[in-house]
Structure formats: C-alpha cells, structure tokens
Amino acid sequence: MWLLVFFDLPTETKRDIRAYTVFRKNLIKDGFTMFQFSIYVRHCASMENAEVHIKRVKSFLPEFGKVGIMCITDKQFGNIELFFGKKPISPNAPGQQLELF
C-alpha cells in the first residue's frame with residue numbers, strides 16, 4: 001500500500017512559508033519521501049498502517065492551502081510510467097520495511 005500526500009500551500013508571507021516548511025518537515029519526519037515537488041509518498045504495510053499515517057498527517061495540516069491524501073496499491077504504484085523529458089526512467093524501489101515484534 002502506498003500513501004500519497006499532495007499539496008498546494010501558499011508561500012506569500014513569512015507566516016505562510018513557515019507553515020509550508022513545518023508541514024513538509026513533519027511529512028519527512030513521518031517517513032514520507034519527495035516524489036515530486038509538493039508530492040510525497042510513503043510505503044505502508046497494510047491499510048491499517050496507512051490509516052495511522054493518514055490520521056497523523058491530518059493532525060498537522062496547515063491552516064491554509066489544499067492538501068490531498070490518496071492510497072494506492074503496490075500494483076498500481078508499480079504501473080506508474082515516469083519520464084525525464086522524453087526518456088523513461090524506472091521508479092525507485094521501496095525501502096526495506098522492518099517490523100519488530
């Protein structure tokens with residue numbers, strides 16, 4: 001399961017820039033990696049695990065701007081076609097997920 005967070009946040013004032021920076025740093029702290037500017041992804045082991053991270057993202061949403069959260073399966077993520085200009089590139093392999101009992 002892949003969790004995608006995509007956002008469009010205002011950056012007109014110092015306060016807006018601060019809110020953007022705090023939101024972005026919180027995403028990174030929660031294990032998200034940048035897929036594109038304003039699109040961050042995180043691999044989750046299950047839908048239950050994804051729901052935990054969705055709840056966490058909702059807890060630090062900025063006051064202004066637009067934020068979207070979407071879950072897709074590994075198969076759907078694997079079917080993404082990425083291009084750098086006209087040259088296709090292969091997506092990064094997911095990091096190793098460790099589970100402690």
Side-chain angles (χ1 to χ4, degrees):
M1 179 77 41
W2 285 88
L3 189 58
L4 285 79
V5 176
F6 38 96
F7 54 91
D8 185 15
L9 302 178
T11 55
E12 297 169 358
T13 66
K14 286 185 179 183
R15 183 177 178 194
D16 290 341
I17 293 170
R18 171 106 173 103
Y20 166 84
T21 304
V22 168
F23 181 70
R24 191 178 154 282
K25 285 184 179 181
N26 281 330
L27 286 174
I28 293 168
K29 192 185 316 180
D30 193 34
F32 285 84
T33 57
M34 186 168 64
F35 187 72
Q36 288 184 349
F37 298 121
S38 301
I39 300 176
Y40 283 72
V41 297
R42 183 186 202 290
H43 187 262
C44 297
S46 65
M47 189 58 195
E48 292 79 19
N49 183 249
E51 288 171 0
V52 168
H53 292 285
I54 291 170
K55 187 176 180 181
R56 195 170 295 150
V57 170
K58 287 180 179 180
S59 74
F60 56 76
L61 287 172
E63 185 177 0
F64 301 105
K66 298 176 187 174
V67 177
I69 302 171
M70 179 171 61
C71 288
I72 61 173
T73 64
D74 287 332
K75 182 173 174 101
Q76 290 169 325
F77 189 80
N79 288 333
I80 294 174
E81 291 188 54
L82 299 173
F83 297 89
F84 185 76
K86 292 187 177 189
K87 183 178 178 181
I89 58 172
S90 59
N92 292 339
Q96 184 175 352
Q97 182 71 29
L98 299 176
E99 291 188 30
L100 301 175
F101 298 95

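Numbers here are sequence positions counted from 1. As the structure is a prediction and not an experimental result, all values here were calculated from the model.
Across all non-hydrogen atoms, the minimal contact from C71 to A50 is SG-CB, 4.1 Å. Across all their heavy atoms, V41 and L4 have their closest contact at CG1-CG, 3.7 Å. What you find for L9 and P62 is that their closest heavy atoms are CD2-CG, 3.5 Å. Listed here is the closest heavy atom pair of P10 and D16: O-CB, 3.2 Å.
Side-chain contact check for M70 versus F6: some heavy-atom pair is nearer than 4.5 Å. The shortest distance between side-chain heavy atoms of M1 and H53 does not fall below 4.5 Å.
The CH2 atom of W2 sits 4.5 Å away from atom CZ of F77, with the distance rounded to the nearest 0.5 Å. In this structure, CZ in F35 is found 4.5 Å from CD1 in I80, a value given to the nearest 0.5 Å. Going from atom NE2 of H43 over to atom OG1 of T33 covers 11.5 Å, rounded to the nearest 0.5 Å. Atom OH of Y20 sits about 10.0 Å away from atom CG of D8, to the nearest 0.5 Å. Note: K14 NZ to R18 CZ = 12.5 Å, rounded to the nearest 0.5 Å.
V52 and L27 are not part of a single hydrophobic cluster, where members link through side-chain heavy atoms under 4.5 Å apart. Cluster membership for L82 and I72, using ILVMFWY side-chain heavy atoms within less than 4.5 angstrom, is shared. Under the 4.5 Å side-chain contact rule for hydrophobic residues, F60 and F7 share a cluster. The cluster map of Ile, Leu, Val, Met, Phe, Trp and Tyr, joined by side-chain heavy atoms under 4.5 Å apart, puts I28 and I54 in the same cluster. With hydrophobic clusters built from ILVMFWY side chains whose heavy atoms lie under 4.5 angstrom apart, F37 does not share a cluster with F84.
Under the 3.5 Å distance criterion, the side-chain polar atoms of R42 are matched with a main-chain donor or acceptor of D30.
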Worked check of side-chain contact (heavy atoms from CB on, under 4.5 Å) between F32 and N26: CA-CA 9 Å; F32 285 84; N26 281 330; over 6 Å; no
